[in-house]
Amino acid sequence: MCYDWIGVGKLGMDCAEVMAEKHDVWGYDVVPRTSKTVKVVNVIELINNSDWIFIAVPTPHAEGYDGSVPSSHKEPRDFGHLAVFDAIDNINRYAKTPKKIVLVSTVLPGTTRKHFITRLDKMHQFVYNPYLIAMGSVKWDMANPEMVIVGTASGEKTGIASELIEIYDTIMQNNPRYEIGTWDECEAIKIFYNTYISAKVGIVNMIQDFAIKIGNIDVDVVTNALAKSTMRLQGPKYMTAGMGDAGACHPRDNIALRWLAQEYGVGYDLFDTIMHAREIQAKNMALFLVKLREETKLPIVIHGKAYKPDVEYCIGSYSTLIGHYVKEAGQRVRYVDPLADDRNECIDSIDSNAIFLWAHNRKITYEYTGEQQDTQPYCEIRPGSVIVDPWRKLQSTKDVRVIHYGNTRLGLKETHGLDEAPIEKPVESIKPPKPVATVDTIEIKKSDLEVSVKKSKFVKKFGL
Ligand SMILES: NC(=O)c1ccc[n+]([C@@H]2O[C@H](COP(=O)([O-])OP(=O)(O)OC[C@H]3O[C@@H](n4cnc5c(N)ncnc54)[C@H](O)[C@@H]3O)[C@@H](O)[C@H]2O)c1
């Protein structure tokens, strides 16, 4: 089997040469290239040589946008896509048979679907497969990646995705993890992986700045203590998107640190940025509820007012922050929470169907303690209700529709044009859930969430 590469520059040539250790590999570039193991040919020869074409052409930033000179004051700019367009146009022009296209170049989320798929001839298949590779260690990184990211139209492990994994299995030295997602998810995994590193470095260097400004602080003492904090900081905890940071400590600590940043004149205020993002994220969720309210005419109820399940404390509650923005948008908000110490706008039950924001999820909050039981409904959820689940764990029942806030993937299968049938899951499995429920019972089914609560049970539990 032969594999072809369009764009054999800093990344492409080393990667092609790693492949060439096990396979026949050809390469094409707009500038002359030489290699002992990759056969460099012209574009027409290359396109008709093999079914597989890997594209590693540049997706350049605009001048002055590489980070070597100040750019944060400048207009935001996307990467350039002309070289990818050119590679696609060449494939459209010269391919006589269907090709399996693997795009390696870095692009922002949404780019492939919007710009590339619409341009590529329909007879070809397309995988987005960005690399987590660094200069200086390209060949080693290629064979020892932290993960291999494989994007398909639907996010399913399609035939082309499986074949690509089989190819990689022949060259990998570390039995890597394969992450399969939609093109858009894989674009996001790649770019947010990088920016996560930038955020981490930004935070530790901020501690360095504080060490210089405040005195009597060795930054390494602080960062080493944080580096060893595997319970909450380094690891999967807090990696489930959902409600915002809340409680008696976190928001107020950040809010107070804004003062410290000003007091010592560090020159920037990451805390303000974090708290501002937290507020706008709450507002976005509130406006989502308000839009649903306008569509359904149902009242908005926030299910959980305390800042987390099993406690009464409403201090620093993200639920009330969302409630604030619901009211700011001109809608009424009510809360159900049998424990909440702030009873303002709290109700014990609602005698109509409603929009519920499922703010509490016990399992996610307390999983690290070994706790497995999920939040039980705090009141009767009447048929025709809609639950907005920011944790994406509940399932729709016969009468209650659950919306997974943060998952916009459902139903993609119907819209794509350049993928083939999945080999692992049936198409039906990714259709949007249909509303389902019974009268006195809300059945929220999922293997890890077996909640089936009859009215009498929660009335008894919470004395409602
Ligand atoms: N370099 C890295 O460490 C790295 C790591 C991960 C991802 N990436 C991504 O990979 C892509 C390539 O990066 P790079 O560092 O290899 O860039 P590069 O500029 O070194 O290499 C790109 C090659 O493509 C060639 N080229 C340009 N236009 C072409 C066209 N229309 N047809 C054929 N060849 C063309 C160039 O001549 C060059 O040799 C970028 O999207 C980059 O963001 C790079």
Side-chain angles (χ1 to χ4, degrees), residues 3-20 25-35 37-50 52-63 65-68 77-95 99 101-112 114-116 119-120 124 126-151 168 176 179 183 186-198:
Y3 303 105
D4 294 346
W5 284 72
I6 295 182
V8 277
K10 294 190 291 296
L11 178 82
M13 184 58 96
D14 276 4
C15 294
E17 286 182 350
V18 170
M19 258 186 190
V25 178
W26 289 19
Y28 158 71
D29 201 294
V30 284
V31 300
R33 299 280 179 212
T34 55
S35 166
T37 53
V38 173
K39 183 177 170 188
V40 180
V41 295
N42 70 42
V43 66
I44 304 174
E45 274 183 280
L46 179 122
I47 287 172
N48 283 302
N49 174 54
S50 157
W52 287 89
I53 300 174
F54 292 75
I55 301 177
V57 296
T59 44
H61 48 268
E63 196 176 337
Y65 282 72
D66 69 342
S68 64
R77 297 275 300 270
D78 193 357
F79 298 131
H81 303 135
L82 291 180
V84 181
F85 288 161
D86 185 55
I88 289 173
D89 292 348
N90 276 329
I91 293 166
N92 288 343
R93 195 175 300 128
Y94 299 121
K99 302 292 174 191
I101 317 294
V102 181
L103 180 65
V104 173
S105 306
T106 305
V107 294
L108 294 181
T111 305
T112 292
K114 191 168 171 193
H115 297 298
F116 303 152
R119 200 172 180 111
L120 184 64
H124 307 299
F126 190 99
V127 178
Y128 182 63
N129 174 218
Y131 290 175
L132 301 176
I133 277 180
M135 287 289 97
S137 54
V138 176
K139 287 191 169 173
W140 189 89
D141 288 344
M142 172 75 170
N144 298 276
E146 173 154 16
M147 61 178 147
V148 179
I149 309 162
V150 181
Y168 282 134
E179 295 287 349
W183 296 317
C186 290
E187 291 162 334
I189 294 170
K190 156 76 190 182
I191 208 88
F192 292 132
Y193 185 97
N194 283 357
T195 203
Y196 209 95
I197 293 171
S198 305

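Atoms within each ligand, like the ligands themselves, are counted from 1 in listed order. The first residue in the sequence is number 1, and the count goes up from there. Computed from a predicted structure; not experimentally measured.
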Can you tell me the protein heavy atom closest to [atom] and the distance?
{"atom": "atom 28 (N) of ligand 1", "answer": "A83 CB, 3.6 Å"}
{"atom": "atom 26 (N) of ligand 1", "answer": "V30 CG2, 3.5 Å"}
{"atom": "atom 22 (C) of ligand 1", "answer": "P58 CD, 3.4 Å"}
{"atom": "atom 21 (O) of ligand 1", "answer": "G9 CA, 3.3 Å"}
{"atom": "atom 23 (C) of ligand 1", "answer": "D29 OD2, 3.6 Å"}
{"atom": "atom 41 (O) of ligand 1", "answer": "T59 OG1, 2.6 Å"}
{"atom": "atom 17 (O) of ligand 1", "answer": "K10 NZ, 4.0 Å"}
{"atom": "atom 11 (C) of ligand 1", "answer": "V57 O, 3.4 Å"}

Test log, rule side-chain contact (heavy atoms from CB on, under 4.5 Å), inputs V41 and N49: CA-CA 10 Å; V41 295; N49 174 54; over 6 Å; no
Reference residue C15; test side-chain contact (heavy atoms from CB on, under 4.5 Å); the match among I133, V8, V104: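 Only one option passes, and that is I133.
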Any side-chain to backbone donor/acceptor pair from [X] onto [Y]? Under 3.5 Å, distance only.
{"X": "Y94", "Y": "E45", "value": "no"}
{"X": "E179", "Y": "M147", "value": "no"}
{"X": "K190", "Y": "T106", "value": "no"}

At under 4.0 Å between heavy atoms, which part of [X] makes contact with ligand 1: side chain, backbone, both or neither?
{"X": "R33", "value": "side chain"}
{"X": "I6", "value": "side chain"}
{"X": "L11", "value": "both"}
{"X": "K190", "value": "side chain"}

contact_flag Y28 ligand 1 heavy-atom lt 4.0 Å: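 Yes, that is the case, since the closest heavy atom of the residue is under 4.0 Å from the ligand.
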Any V104 heavy atom less than 4.0 Å to ligand 1: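 Distance cut 4.0 Å: V104 fails for ligand 1.
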Nearest option to atom 12 (C) of ligand 1, as decided by whichever heavy atom of A87, G80, S137, A56 sits closest: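 Closest candidate by heavy-atom distance is A56.
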Where P58 and A83 come nearest, the two heavy atoms and their spacing: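 Heavy atoms only, the tightest pair is O-CB, 3.5 Å.
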Heavy atoms from other residues, nucleotides or ligands near CZ of R77 exceed 12 (cutoff 6.0 Å):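 Open: at most 12 neighbouring heavy atoms sit under 6.0 Å from CZ of R77.
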From CA spacing to verdict: side-chain contact (heavy atoms from CB on, under 4.5 Å), T112, V107: CA-CA 8 Å; T112 292; V107 294; 4.1 Å; yes
pair L103-V84: side-chain heavy atoms closer than 4.5 Å: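 Answer yes - side chains close enough.
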Within ligand 1, which atoms have a heavy atom of [X] less than 4.0 Å away?
{"X": "D86", "answer": "30 (C), 31 (N), 32 (N)"}
{"X": "M135", "answer": "1 (N), 2 (C), 3 (O)"}
{"X": "I133", "answer": "3 (O), 5 (C), 6 (C)"}

Chi angles and distances behind the side-chain contact (heavy atoms from CB on, under 4.5 Å) call for E187, L108: CA-CA 6 Å; E187 291 162 334; L108 294 181; over 6 Å; no
Donor-acceptor pair between Y168 and N129 side chains, under 3.5 angstrom: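 The criterion, which ignores hydrogens and geometry beyond distance, is satisfied for N129 and Y168.
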Geometric N/O contact Y131 with ligand 1, under 3.5 angstrom: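 N/O-N/O distance below 3.5 Å does not exist for this pair.
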Test salt bridge (charged side-chain N to carboxylate O under 4.0 Å, His left out) applied to E17 and R33, K39, K139, the passing residue: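 In the set R33, K39, K139, the residue that makes a salt bridge (charged side-chain N to carboxylate O under 4.0 Å, His left out) with E17 is K139.
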